[in-house]
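Heavy atoms only: backbone and side chains are in, while hydrogens, waters and symmetry mates are out.
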Amino acid sequence: MDGLFSVGPLDGLDTDEGRRNRRLWFQERYSDKYNASQKTDFRSNLPNHAAVLAPDCLSEVTQIIVWHGDNAHEQTGLRYAMFRLRQAANEIRLLNTYGVHASLFDRPDWKVAFSHSGEISPDKLMPMLAKALEGPALAVTERDRLAREWSQWENSNETLRIWRDGNIFGVPESHYDELLLRTVGELQRTEGEWVCAARAVGELLGQDESFAGDGFFEYRLRSLIRSGELDSEGSLAGMGGYLVRPAQ
């Protein structure tokens, strides 16, 4: 699925109004340049996803495997998929990409960390799929639990979700602000008075296990500029066009 389930409203995504509200949320917060770059994303593709996940579009013998990683985006998306498939008669298996990749390919002297499943090397995918097919199908009680959890998040007012200790948590949009300020300050000591906004965002991406995405971090960077906690120099149209520093 395209887009990030870790950020933005989730209410009513199966309706035109819900998708419109989500699109407006991004437009109001993210930079124009970032929004323009998202030519094909969750906001425009969701009706197609919903059709693909409709039980009456699936053959009864179709095997369903839902790939997911340990971050807020993929874990929330997993729950959306299970909600859409809640009436499907098919067997469903889950493939936790982080765990399966580690069990197949990690060695005592060599381990790989991912921020999301899209970073996994394509040549590893078929062995991972074979491993998932060896496992049992998901129990009905577990399918129901995941579908119910989607309903809870759909009705939640939180617009930022993080993954911590094996659970999804809703947090304020300002959750990463302190870390952003600290990151800018640390980069300032090594790179000079002014720090490239894209450099600060990239540094934070490397520390984030919830996969909120560069667009969200850049939105918070501009929010800190507006609140006077950061100074800026250059055009705020895109994160590559301006520099930041702690407010003087």
Side-chain angles (χ1 to χ4, degrees), residues 1-10 13 22 25-26 29-30 34 38 41-43 45-46 49 53 65-85 92-106 111-122 124-125 128-129 131-132 135 138 142-143 145-154 156 158-180 183 200-221:
M1 295 183 183
D2 300 324
L4 294 182
F5 283 95
S6 52
V7 296
L10 300 175
L13 294 187
R22 181 173 169 87
W25 186 92
F26 281 96
R29 289 162 176 78
Y30 287 25
Y34 185 91
Q38 306 302 294
D41 67 1
F42 175 88
R43 287 158 271 168
N45 266 352
L46 190 117
H49 295 320
L53 290 173
I65 299 179
V66 184
W67 299 58
H68 63 285
D70 290 334
N71 58 67
H73 160 54
E74 294 180 62
Q75 289 291 332
T76 307
L78 163 64
R79 285 151 177 78
Y80 172 71
M82 298 309 300
F83 176 79
R84 293 294 310 177
L85 293 167
I92 299 177
R93 289 174 171 80
L94 302 186
L95 195 167
N96 183 289
T97 53
Y98 291 35
V100 173
H101 189 281
S103 68
L104 291 176
F105 306 113
D106 279 5
K111 296 182 180 181
V112 178
F114 306 102
S115 62
H116 59 88
S117 297
E119 294 179 344
I120 295 175
S121 176
K124 303 293 194 297
L125 300 181
M128 292 173 66
L129 178 61
K131 182 74 171 178
L138 200 62
E142 184 66 4
R143 291 171 58 161
R145 179 186 69 82
L146 292 169
R148 287 196 305 272
E149 288 185 10
W150 167 261
S151 297
Q152 293 170 5
W153 284 112
E154 185 181 26
S156 170
E158 281 105 349
T159 52
L160 176 61
R161 289 159 286 280
I162 64 171
W163 180 249
R164 180 187 295 159
D165 299 328
N167 292 288
I168 305 170
F169 293 93
V171 295
E173 291 180 23
S174 60
H175 175 76
Y176 291 102
D177 288 5
E178 184 177 340
L179 181 57
L180 259 174
T183 298
V201 168
E203 188 72 18
L204 199 58
L205 282 173
Q207 303 175 48
D208 175 36
E209 297 182 353
S210 294
F211 196 30
D214 56 347
F216 181 82
F217 291 138
E218 201 257 336
Y219 147 57
R220 294 311 307 169
L221 204 62

**Prompt:** Going by distance alone, is a donor N or O of one side chain under 3.5 Å from an acceptor N or O of the other, for Gln152 and Arg148?
**Reply:** no
**Message:** Working note: Glu74 + Leu78, criterion side chain to side chain contact (heavy atoms under 4.5 Å, CB included); need CA distance, chi angles, decisive distance, verdict.
**Reply:** CA-CA 6 Å; Glu74 294 180 62; Leu78 163 64; over 6 Å; no
**Prompt:** Taking 4.0 angstrom as the limit, do Asp106 and Lys111 come out as a salt bridge?
**Reply:** no
**Message:** As a quick check of understanding, evaluate side chain to side chain contact (heavy atoms under 4.5 Å, CB included) for Thr183 and Leu179, giving each step before the final call.
**Reply:** CA-CA 6 Å; Thr183 298; Leu179 181 57; 4.1 Å; yes
For [Y], does its backbone N or O pair with a side-chain atom of [X] as donor and acceptor, under 3.5 Å?
X: Ser210; Y: Asn71; answer: no
X: Arg161; Y: Phe5; answer: yes
X: Arg93; Y: Gly135; answer: yes
X: Ser6; Y: Phe211; answer: yes

**side chain to side chain contact (heavy atoms under 4.5 Å, CB included) between Thr76 and Leu10, worked out** = CA-CA 10 Å; Thr76 307; Leu10 300 175; 3.9 Å; yes
**Item:** Heavy-atom pair with the smallest gap, counting every atom of Thr97 and Gly69
**Value:** OG1-CA, 3.5 Å
**Complete:** On a heavy-atom basis, the closest approach of Asp208 and Gly213 is OD2-N, 4.4 Å
**Item:** Atom CD of Glu178: over 12 foreign heavy atoms under 6.0 Å
**Value:**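 No, because the 6.0 Å sphere around CD of Glu178 holds 12 heavy atoms or fewer from other groups.
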**Prompt:** Considering residues, nucleotides and ligands other than Lys131, do more than 12 of their heavy atoms fall under 6.0 Å from its NZ?
**Reply:** no
**Item:** By ring-ring contact (aromatic ring centres under 6.0 Å, His included) - contacts of Tyr176 (at least two apart)
**Value:** Phe217
**Asked** Between Tyr80 and Phe83, does the ring centre distance come in under 6.0 Å?
**Response** no
**Message:** Once side chain to side chain contact (heavy atoms under 4.5 Å, CB included) is applied, do any residues pair with Thr159, and if so which ones, sequence neighbours excluded?
**Reply:**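 Checked Thr159 against side chain to side chain contact (heavy atoms under 4.5 Å, CB included); matches are Pro9, Trp25, Glu173.
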